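Report on one structure; see the data block that follows.
Since we're looking at a predicted model, the values are computed, not measured. Below, each value reflects all heavy atoms present in this structure, side chains not excepted, and no hydrogens, waters or symmetry copies. Here is the naming used below: chain letters follow the sequence lines, and residue numbers restart at 1 for every chain.
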2 protein chains.
Amino acid sequence: MLSQQEARKEETRTKILGAAMWAIRTKGFAATTVDDICRHAGVTKGAFFHHFPSKDSMAEAAAEFFGDFANKLFGSAPFQSEQDPFDRFMGYLEFRREILQGTTAEFTCLLGTMVQEVHLSHPDIREACQQSIWGHVETITPMVAEAKAKYAPTAVWTPESLALHVQAVLQGAFIMAKASQKPETAIESMDHLIRYVEFLFSENQENRS
Amino acid sequence: MLSQQEARKEETRTKILGAAMWAIRTKGFAATTVDDICRHAGVTKGAFFHHFPSKDSMAEAAAEFFGDFANKLFGSAPFQSEQDPFDRFMGYLEFRREILQGTTAEFTCLLGTMVQEVHLSHPDIREACQQSIWGHVETITPMVAEAKAKYAPTAVWTPESLALHVQAVLQGAFIMAKASQKPETAIESMDHLIRYVEFLFSENQENRS
DNA sequence: GGGATAACATACCGACCAGTTGGTATTTAT
DNA sequence: ATAAATACCAACTGGTCGGTATGTTATCCC
């Protein structure tokens, strides 16, 4: 049971992290100022530093926040009710393709954006980003593993490497969409990825041990 | 014929752009200061602003510089002498996998790093990055088109979309390598990509019109 | 060789930014 | 009811950064 105070604190914290998420996705981590975040969140700087000891540690929290946000989004998506593991995996991929709409800041990944900037200069933030990305991979690897056991048990690739590859393609697709300012560029990459996965689970492939 | 002065100017300019390339790949664009670049290039701030009117316009030049650098690297790589277009394309992919070694700053792409940060805030830099990326794609699309004409003439995908997909996978692989601090993560994605391309040009695929 | 110009160098400035300080309002515990 | 603690606020600070103003030196052209 949350007290009135605790509930309010949590709300403010969420407002800050949400604003940070938006700002970092549009401008990058280094270019977003604490004042930017406060302005968007509708709080003062005092509140910000009451909740987080530094901008950097807020970024760590934002990485975790975004990871939880994403896992909730995909965890409650319609494809999860598919019975067959391959159908579920394909549903995941098609769902990820479908949400490539609107502005880049809306469908783009905070973790990829941030880790790219800070991977050498801010070890703690990098670590937090990796945790969140690999945490998401852990939620989809079982699905891939089940599908593999059923449809491609002798294939040479591992379920985890495929799950990681999916994330890599998405991250790359985001960059290409940002460069071209067209979500279509990202969608076309997802089409290639989906074609690849269909091949991996089809019967006439040759990559067996 | 370059005069002594012009040659020296070009050299200093190159030193600055080289230093910028290194700094931006390790820290990102916003976090690298003009002083950083000058220190690494061994020039003073006066020299920097003699060559470039602003940090932003230097970034545009750096994007072009990196694009030329990459095209020279791949243009003179051994795989270019392969006769068969498919072999040449596979040689390109394997070459790109092979150079995924050393520190992330060494094999990573300046354009992807920079465009991610500035795509909304600095339209001119974004444009320059897109030009360089798409410029590289233009150099490999003919190779893909030839290979397709020879081995997969009726396939539904276009050569350009595949060339773009290759860049997307690489960009994503870079991000994953940065997040995990292991080049192997990127290499595994390249393995999946290579397997996909082999499939596209094999005979038993089903994606024909 | 000398005047013009391009290629640097140094010292500095105003704006900005992460973080602090010292306080107030609200909630909680007794 | 009241004291303690928590949540929040506004003004300020020390340092940093992009850019400039003002030299100084090397090269070029005649």
Side-chain angles (χ1 to χ4, degrees), chain A residues 1-24 26-63 114 117-118 121-125, chain B residues 1-20 22-24 26-63 114 117-118 121-125 128:
Chain A
M1 186 64 188
L2 290 180
S3 71
Q4 195 176 339
Q5 209 171 71
E6 283 166 332
R8 196 169 162 195
K9 177 166 189 178
E10 192 58 31
E11 193 191 323
T12 306
R13 189 186 137 97
T14 302
K15 271 200 296 186
I16 292 173
L17 291 176
M21 212 172 97
W22 187 88
I24 296 172
T26 63
K27 305 169 62 174
F29 173 68
T32 78
T33 70
V34 172
D35 285 313
D36 276 339
I37 296 168
C38 293
R39 208 173 306 125
H40 253 94
V43 305
T44 64
K45 224 167 176 177
F48 181 98
F49 284 99
H50 175 72
H51 286 268
F52 304 100
S54 68
K55 186 191 174 189
D56 287 8
S57 84
M58 184 279 300
E60 292 176 50
M114 202 157 63
E117 276 185 80
V118 305
S121 47
H122 299 70
D124 293 342
I125 303 178
Chain B
M1 185 64 190
L2 288 180
S3 71
Q4 197 176 338
Q5 208 172 73
E6 283 166 333
R8 197 171 162 192
K9 177 165 188 177
E10 191 59 30
E11 194 192 322
T12 305
R13 188 186 137 96
T14 302
K15 272 200 296 186
I16 292 173
L17 291 176
W22 186 86
I24 296 172
T26 64
K27 305 169 59 172
F29 174 69
T32 79
T33 70
V34 173
D35 286 314
D36 276 339
I37 296 168
C38 293
R39 208 174 305 123
H40 252 94
V43 304
T44 62
K45 222 168 178 177
F48 182 98
F49 284 101
H50 177 71
H51 286 269
F52 304 101
S54 69
K55 185 192 176 190
D56 288 7
S57 84
M58 185 280 299
E60 292 176 49
M114 201 158 63
E117 276 186 79
V118 305
S121 48
H122 300 70
D124 294 342
I125 303 178

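Only B:Lys45, B:Phe49, B:Ser54, B:Lys55, listed by number, bring a heavy atom of residues 45-57 of chain B to less than 4.0 angstrom from any atom of DNA chain D. Of the residues in residues 28-39 of chain B, not one places a heavy atom less than 4.0 Å from an atom of DNA chain C.
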Practice item. I would like to know whether A:Trp22 and A:Asp36 meet side-chain contact (heavy atoms from CB on, under 4.5 Å); could you show each step before the answer? Key: CA-CA 10 Å; A:Trp22 187 88; A:Asp36 276 339; over 6 Å; no
Review point. What's the verdict on side-chain contact (heavy atoms from CB on, under 4.5 Å) for A:Met58 and A:Val34, showing C-alpha distance, side-chain angles and the deciding distance?
Key: CA-CA 10 Å; A:Met58 184 279 300; A:Val34 172; over 6 Å; no
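Here the closest heavy-atom approach between residue A:Thr12 and residue A:Val43 is recorded as CG2-CG1, 3.9 Å. When all heavy atoms of B:Thr32 and B:Ile37 are compared, the closest pair comes out as OG1-CD1, 4.3 Å. The nearest pair of heavy atoms linking A:His40 to A:Ala19 is CB-CB, 3.9 Å. Closest heavy-atom contact between B:Ala61 and B:Arg13: CB-NH2, 4.1 Å. Here the closest heavy-atom approach between residue A:Cys38 and residue A:Thr44 is recorded as SG-O, 3.8 Å. Nearest approach of A:Phe29 to A:Ile24, heavy atoms of both residues: N-CG2, 3.8 Å.
Put simply, CE on B:Met58 is 14 Å from P on D:dC17, counting in whole angstrom units. Between the NE2 atom of B:His122 and the C1' atom of D:dG18 there is a distance of 11 Å, given to the nearest Å.
Within 6.0 Å of the NE2 atom in B:His51, the count of heavy atoms belonging to other residues, nucleotides or ligands exceeds 12.
With B:Phe48 as the aromatic partner, B:Lys55 does not meet the cation-pi criteria of under 6.0 angstrom to the ring centre and within 45 degrees of the ring axis.
Boundaries of the chain A contact region on DNA chain C are C:dC17 to C:dT28, first to last in 5' to 3' order (nucleotide atom under 4.0 Å from a heavy atom).
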